[in-house]
Amino acid sequence: CRHAPAVRDRVMANLVFVTGDFCSGSTLLFTLFRKTGAYHCLYEPLHELLPEYTIWPLRAYEHHFFVKDYFAEYRGFGELRRLFDPRWATSGLYLPAEAEAPALYRYLSYIIGASFGRRSKVMLKFNRATFRLPWLRAKFPEAKIVHIYRDPEGQWNSNVRRVQSHVGRADVGQDSPTFNGFNLATWCEDLKVVFPELAVEQSPTGYERFLKLWQLSKSAGERYADISIEYRMLTHDFEATCERIQRCVGRDFPLVSLKQ
């Protein structure tokens, strides 16, 4: 049918990708999109434990307000376990626009299509897509990309505090460039082929290595996203920031209901 591509384009124009680093405020954006009631919202589709969490829900982090079950919207996706690959969480993190990655494309196409079967608008929230944004832009050109970032010191402190809370001690190796909170060192090792400044020998401390990754991530987000917002502006100038998001994604991001 000659009209099929046009219909697909109209449908995919209702697709939103939210992208941000760990501890950047991306879950707040996820919660806001979910609260609209207009979007089928998928949380962290590349999380290495996603199949398990669809069966045994993850306990909500205490600072993730108004979040109960992160992964509820995946229930009933019968092909998810077969198509999903946990290695996507920590390897192959860099995907240029011309890359194929057929397995990843097949998986994302499946969960996006299944989501459109439930609602007319779909949002996927990623912490693991920053360096795959050129590929996502090429494969899903009609989608809107919303990027959120946080000041590096605040993000680093949140990262370290959550690791400290998880293991129950103050020294979690954060001073070392091998610090692996939120897979920091693992990511840097995977990406150092493309970004050699991320190699462990190039940073004397954990924070310096983190900062290099943060700068590269922010640059990628600003380059490939339709809109880039700062976490502090979302929390301190909520109305103006939500209006910017609304202008980007459309009217189904109602400011009045989100303020409640």
Side-chain angles (χ1 to χ4, degrees), residues 12-47 50 53 58 60-61 63-67 69-74 88-89 93 95 104 107-109 111-112 114-116 118-150 155 158 182 214 217-235 238 240-255 257-258:
M12 297 302 280
N14 291 322
L15 174 64
V16 176
F17 296 138
V18 168
T19 180
D21 294 343
F22 298 108
C23 303
S24 66
S26 59
T27 296
L28 174 56
L29 269 185
F30 168 83
T31 303
L32 293 175
F33 273 93
R34 190 187 242 181
K35 188 173 172 59
T36 68
Y39 289 82
H40 192 79
C41 298
L42 298 181
Y43 190 86
E44 291 305 320
L46 302 181
H47 195 296
L50 173 62
Y53 286 152
L58 176 67
Y61 175 54
H63 291 159
H64 286 170
F65 302 109
F66 309 111
V67 177
D69 186 345
Y70 294 100
F71 301 97
E73 286 88 344
Y74 290 95
W88 291 326
L93 297 170
L95 276 180
L104 179 57
Y107 165 70
L108 291 177
S109 296
I111 62 173
I112 290 168
S115 296
F116 274 121
R118 299 184 180 185
R119 288 241 169 98
S120 61
K121 294 181 181 291
V122 173
M123 187 277 288
L124 279 64
K125 188 281 258 193
F126 293 98
N127 288 143
R128 299 164 174 84
T130 302
F131 299 100
R132 294 166 169 142
L133 290 180
W135 181 85
L136 284 172
R137 174 64 78 196
K139 295 297 184 182
F140 303 95
E142 300 87 6
K144 302 292 192 304
I145 300 178
V146 179
H147 167 239
I148 187 167
Y149 67 95
R150 186 176 183 178
Q155 185 174 315
S158 179
F182 288 91
W214 180 91
S217 175
K218 182 172 181 287
S219 177
E222 291 175 335
R223 179 176 180 182
Y224 292 104
D226 294 282
I227 182 173
S228 187
I229 63 173
E230 184 183 2
Y231 172 67
R232 185 181 183 280
M233 296 304 295
L234 183 59
T235 57
F238 182 80
T241 305
C242 282
E243 286 173 358
R244 289 184 60 213
I245 298 172
Q246 186 183 61
R247 288 195 296 271
C248 175
V249 304
R251 289 176 296 176
D252 286 318
F253 198 77
L255 181 62
S257 65
L258 295 179

Is the backbone N or O of [Y] less than 3.5 Å from a side-chain atom of [X], with the two atoms forming a donor-acceptor pair by type?
{"X": "T235", "Y": "R232", "value": "yes"}
{"X": "W88", "Y": "P45", "value": "no"}
{"X": "R244", "Y": "A240", "value": "no"}

[X] to [Y] - nearest heavy-atom pair and separation:
{"X": "M123", "Y": "F30", "value": "CE-CD1, 3.5 Å"}
{"X": "W135", "Y": "L108", "value": "CZ3-CD1, 3.8 Å"}
{"X": "H147", "Y": "E222", "value": "ND1-N, 3.9 Å"}
{"X": "G25", "Y": "Y231", "value": "CA-CD1, 3.6 Å"}
{"X": "D21", "Y": "S26", "value": "O-OG, 4.1 Å"}
{"X": "L124", "Y": "V122", "value": "CD1-CG1, 3.5 Å"}

Which distance, rounded to the nearest 0.5 Å, do you find between the [atom1] of [X] and the [atom2] of [Y]?
{"X": "L28", "Y": "F33", "atom1": "CG", "atom2": "CZ", "answer": "11.0 Å"}
{"X": "L29", "Y": "I148", "atom1": "CG", "atom2": "CD1", "answer": "4.0 Å"}
{"X": "I245", "Y": "I229", "atom1": "CD1", "atom2": "CD1", "answer": "4.0 Å"}
{"X": "L95", "Y": "L104", "atom1": "CG", "atom2": "CG", "answer": "6.5 Å"}
{"X": "S217", "Y": "L133", "atom1": "OG", "atom2": "CG", "answer": "8.0 Å"}
{"X": "M12", "Y": "S109", "atom1": "CE", "atom2": "OG", "answer": "7.0 Å"}

Would you mind checking if [Y] and [X] are paired as a salt bridge, meaning a charged N to carboxylate O distance below 4.0 Å?
{"X": "E44", "Y": "K125", "value": "yes"}
{"X": "E73", "Y": "R34", "value": "yes"}
{"X": "D226", "Y": "R137", "value": "yes"}

Give me the ring orientation class for F71 and Y74: parallel if the planes are under 30° apart, tilted from 30 to 60°, perpendicular past 60°.
-> tilted
According to the interplanar angle, ranging from 0 to 90°, do the rings of Y53 and H47 count as parallel (below 30°), tilted (30 to 60°) or perpendicular (above 60°)?
->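 Rings of Y53 and H47: perpendicular, as their planes differ by over 60°.
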Answer with yes or no whether the side chains of T19 and Y224 bring together a donor and an acceptor at under 3.5 Å.
->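 No donor-acceptor contact under 3.5 Å links the two side chains.
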So do [Y] and [X] actually touch side chain to side chain, heavy atoms under 4.5 Å?
{"X": "Y107", "Y": "L46", "answer": "yes"}
{"X": "T27", "Y": "Y43", "answer": "yes"}
{"X": "L32", "Y": "L234", "answer": "yes"}
{"X": "V146", "Y": "F17", "answer": "no"}

Using the side chain to side chain contact (heavy atoms under 4.5 Å, CB included) rule, take L15 and F140 through it: C-alpha gap first, then chi angles, then the decisive distance, then the call.
-> CA-CA 9 Å; L15 174 64; F140 303 95; 4.3 Å; yes
Tell me, with the steps shown, if L50 and Y70 meet side chain to side chain contact (heavy atoms under 4.5 Å, CB included).
-> CA-CA 10 Å; L50 173 62; Y70 294 100; over 6 Å; no
State which residue, out of K121, R119, K144, fulfils the side chain to side chain donor-acceptor pair (under 3.5 Å) condition with N14.
->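 Between N14 and the candidates, side chain to side chain donor-acceptor pair (under 3.5 Å) is satisfied uniquely by K121.
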